[in-house]
Amino acid sequence: MTNASNKRLLKSLSGEMTDRPPFWLMRQAGRYLPEYRETRAKAGNFLDLCYNPALAEEVTLQPLRRYGMDAAILFADILLIPHALGQPLAYREGEGPVLDPVRSIAGLKSLGLTKIHDTLSPVYETVARLSQSIPKDCTLIGFAGAPWTVATYMVEGKGSKDYAHIKHWAYNDPAGFGHLMDLLVEATTDYLLRQVAAGAEVIQIFDTWAGVLPDDEFRKWSIEPTKRIVEGLRTQHPDLPVIGFPKGVGANIIEFVRETGVTAVSLDTGTPLDWASKVLQPVLPVQGNLDPMLLVTGGAAMERRVADILRILGKKPFIFNLGHGIVPQTPPENVARLAQLICGE
Ligand code: CP3
């Protein structure tokens, strides 16, 4: 079936070829843009920005004005779910997110689903505004973190190097840890359904820390919860495109693709291009995977790699993106050059 819309991203996701690959960049709204820093200062702190529909809409649109990406990604954060479940959360300058850690069944008692939409309703309003304000050929992406990745922050209380607390809980008491994962599956499914109801056309599920798990635990805590979320979304929206991003999982991505029901997968920077073109692209569209540091470096090094990615992955449905989010020190002019290289202007 052909996709009747003129949106490149939707066409690629339905397996069609387009005049050029669609492109967007993970974390395309953010601190590398002076206009983002200005709006962020106006909002106060980062959470206030996420919960302010007019300002969140504005920062979502900023990169599109400069670079004309084929997709807008809702401006929010994966940690709004724990916040809405009742877990205290703050973003500290230079330190990242800090939460009061939950490390046992007893800790789960303070969390609950009853009020999540009260907290999250500004996000749905941002989506609704964006569905009216983005360019006609641009696709609106909603998103959430996968339960495992969100749980790493909930249990560790911040970013982690060794994931000691969450692994200990998951390995030692899988039934208890399973309750936290069940809560996250339910909250996340509900949250994403509301985003779709408000106008999100594609959903991306970020499993940034999936790669720290051995394969049996990866199956249990990344594949299974993601599959349940995709099934929950598809009961109401059978054709909804969902992009999975199980970062750092190597060859385990094959099983992720086979089991979860995602429409496309986002590839991290370490995924070999030839392998992806032979093993993954015959099965589904892929997205990725320029090293965000090459976007910082720019010049010939970036241009060579962009050409390789386009040559090797561009023969089948493919969405140009990074292998992880843009970093704050990225020169905006390098992003402009990247857009030129992809769009051939
Ligand atoms: O892509 C976009 O433009 C949409 C917005 C978006 C943000 N975070 C905004 C943000 C998205 C899709 C995310 C996802 C996210 N958030 C992930 C998964 C993807 C990834 O990057 O791995 C994760 C793990 C988080 C959690 C998170 N949020 C961390 C660890 C941090 C601190 C690190 C940092 O970059 O500051 C954040 C903060 C955050 N989320 C910022 C932005 C623009 C920076 C906050 C600021 O303005 O100071």
Side-chain angles (χ1 to χ4, degrees), residues 23-52 55-67 69 71-83 87 89-99 123 126-127 130 134 138 140-154 156-161 163 166 188 191-192 195 200 202-212 222 243-249 266 268-269 287-289 292 321-330 335:
F23 85 105
W24 67 280
L25 305 173
M26 290 191 255
R27 295 276 194 102
Q28 63 192 22
R31 285 164 296 184
Y32 75 106
L33 292 177
E35 60 270 36
Y36 170 84
R37 296 195 296 268
E38 207 173 292
T39 311
R40 161 97 150 68
K42 220 190 291 175
N45 65 42
F46 176 69
L47 270 180
D48 292 335
L49 176 55
C50 291
Y51 292 131
N52 182 320
L55 297 184
E57 175 191 24
E58 165 58 22
V59 294
T60 306
L61 295 173
Q62 286 168 350
L64 306 181
R65 293 189 194 118
R66 280 185 183 244
Y67 310 115
M69 283 90 172
I73 179 159
L74 161 70
F75 190 84
D77 195 72
I78 65 164
L79 301 180
L80 299 188
I81 285 285
H83 190 236
Q87 190 173 19
L89 165 69
Y91 291 82
R92 302 227 179 100
E93 220 58 60
E95 204 184 331
V98 185
L99 304 95
V123 177
T126 306
V127 174
L130 285 165
I134 61 172
C138 185
L140 183 55
I141 303 176
F143 76 91
W148 169 258
T149 288
V150 173
T152 64
Y153 292 94
M154 296 178 77
E156 301 293 335
K158 56 186 181 337
S160 176
K161 284 201 173 66
Y163 304 89
I166 190 171
T188 305
Y191 176 53
L192 292 174
Q195 291 184 29
V202 171
I203 292 298
Q204 175 148 325
I205 300 174
F206 290 88
D207 212 349
T208 306
W209 307 122
V212 305
S222 174
I243 305 172
F245 181 35
K247 184 172 154 281
V249 303
S266 203
D268 59 54
T269 291
Q287 169 175 283
N289 73 347
N321 206 315
L322 302 176
H324 195 188
I326 289 193
V327 294
Q329 69 269 35
T330 304
V335 183

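Side chains are part of it too, since the values below use all heavy atoms of this structure and drop only hydrogens, waters and symmetry mates. Atoms within a ligand are numbered from 1 in the order they appear, just like the ligands themselves.
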Q. Is the number of heavy atoms from other residues, nucleotides or ligands within 6.0 Å of CD (Gln329) greater than 12?
A. yes
Q) Hey, is CD on Glu95 packed in by over 12 heavy atoms from elsewhere, all under 6.0 Å? A) yes
Q. Given Arg31, Glu95, Arg37, Gln204, which one has a non-hydrogen atom that is nearest to atom 35 (O) of ligand 1?
A. Arg31
Q.
For Phe75 and Leu55: C-alpha separation, side-chain torsions, deciding distance, then whether side chain to side chain contact (heavy atoms under 4.5 Å, CB included) applies.
A. CA-CA 9 Å; Phe75 190 84; Leu55 297 184; over 6 Å; no
Q) Heavy-atom distance to atom 12 (C) of ligand 1: which of Phe143, Trp24, Trp209 wins? A) Phe143
Q | Lys247 contact mode with ligand 1 (heavy-atom cut-off under 4.0 Å) | A | neither
Q. Is it true that Gly159 lies under 4.0 Å from ligand 1, counting heavy atoms only?
A. no
Q. Is the count of non-hydrogen atoms from other residues, nucleotides or ligands lying under 6.0 Å from Arg92 atom CZ greater than 12?
A. no
Q) Any non-hydrogen atom of Ala29 lying under 4.0 Å from ligand 1? A) yes
Q) Which protein non-hydrogen atom lies closest to atom 47 (O) of ligand 1, naming both residue and atom, and how far is it? A) Tyr36 OH, 2.5 Å
Q. Would one find an N or O of Glu93, backbone or side chain, under 3.5 Å from an N or O of ligand 1?
A. no
Q. Glu35 pairs by side-chain hydrogen bond (donor to acceptor under 3.5 Å, both in side chains) with which of Arg65, Gln62, Arg66?
A. Arg66
Q) Who's the nearest protein heavy-atom neighbour of atom 18 (C) of ligand 1, and how far? A) Thr208 OG1, 3.3 Å
**Q.** ligand 1 versus Ala76: contacting region, heavy-atom distance under 4.0 Å
**A.** backbone
Q) Are any of the N/O atoms in Arg27 less than 3.5 Å from those in ligand 1? A) yes
Q. Near Pro97, which atoms of ligand 1 are under 4.0 Å from a heavy atom of that residue?
A. 29 (C), 30 (C), 31 (C), 32 (C)
Q. Going through the distances and angles, do Leu47 and Leu80 end up as a side chain to side chain contact (heavy atoms under 4.5 Å, CB included)?
A. CA-CA 8 Å; Leu47 270 180; Leu80 299 188; 3.5 Å; yes
Q) Which residue from Leu33, Leu80, Asp77 reaches closest to atom 40 (N) of ligand 1 through any of its heavy atoms? A) Asp77
Q | Within reach of ligand 1, part of His324 (heavy-atom separation under 4.0 Å) | A | side chain
Q | Region of Leu74 that comes within reach of ligand 1 [heavy atoms, distance under 4.0 Å] | A | backbone
Q. For ligand 1, which atoms, with element, lie under 4.0 Å from some heavy atom of Arg40?
A. 46 (C), 47 (O), 48 (O)
Q. Within a strict 4.5 Å, meaning less than it, do heavy atoms of the Ile166 and Trp209 side chains meet?
A. no
**Q.** Validation row: His324, Asp268 side chains within 4.5 angstrom (heavy atoms)
**A.** no
Q. If hydrogens are left out, which of Ile78, Ile73, Thr60 has an atom nearest to atom 15 (C) of ligand 1, that is, the closest non-hydrogen atom?
A. Ile78
Q) Side chains of Pro292 and Thr330: closer than 4.5 Å at any heavy-atom pair? A) no
Q.
Any non-hydrogen side-chain atom of Met26 less than 4.5 Å from a side-chain atom of Phe245?
A. yes
Q.
Under a 4.0 angstrom heavy-atom cut-off, which atoms of ligand 1 come close to Gln28?
A. 1 (O), 2 (C), 3 (O)
Q. When you measure from atom 41 (C) of ligand 1 to each heavy atom in Phe46, Tyr153, Tyr91, Tyr32, which option holds the nearest one?
A. Phe46
(Q) What I'd like to find out is whether the side chain of Ile205 reaches to under 4.5 Å of the side chain of Asp207, using heavy atoms alone. (A) no
Q) Is there a donor-acceptor pair under 3.5 Å between the side chain of Gln28 and the backbone N or O of Ala71? A) yes
Q.
Please determine whether any non-hydrogen atom of Phe245 lies less than 4.0 Å from an atom of ligand 1.
A. no
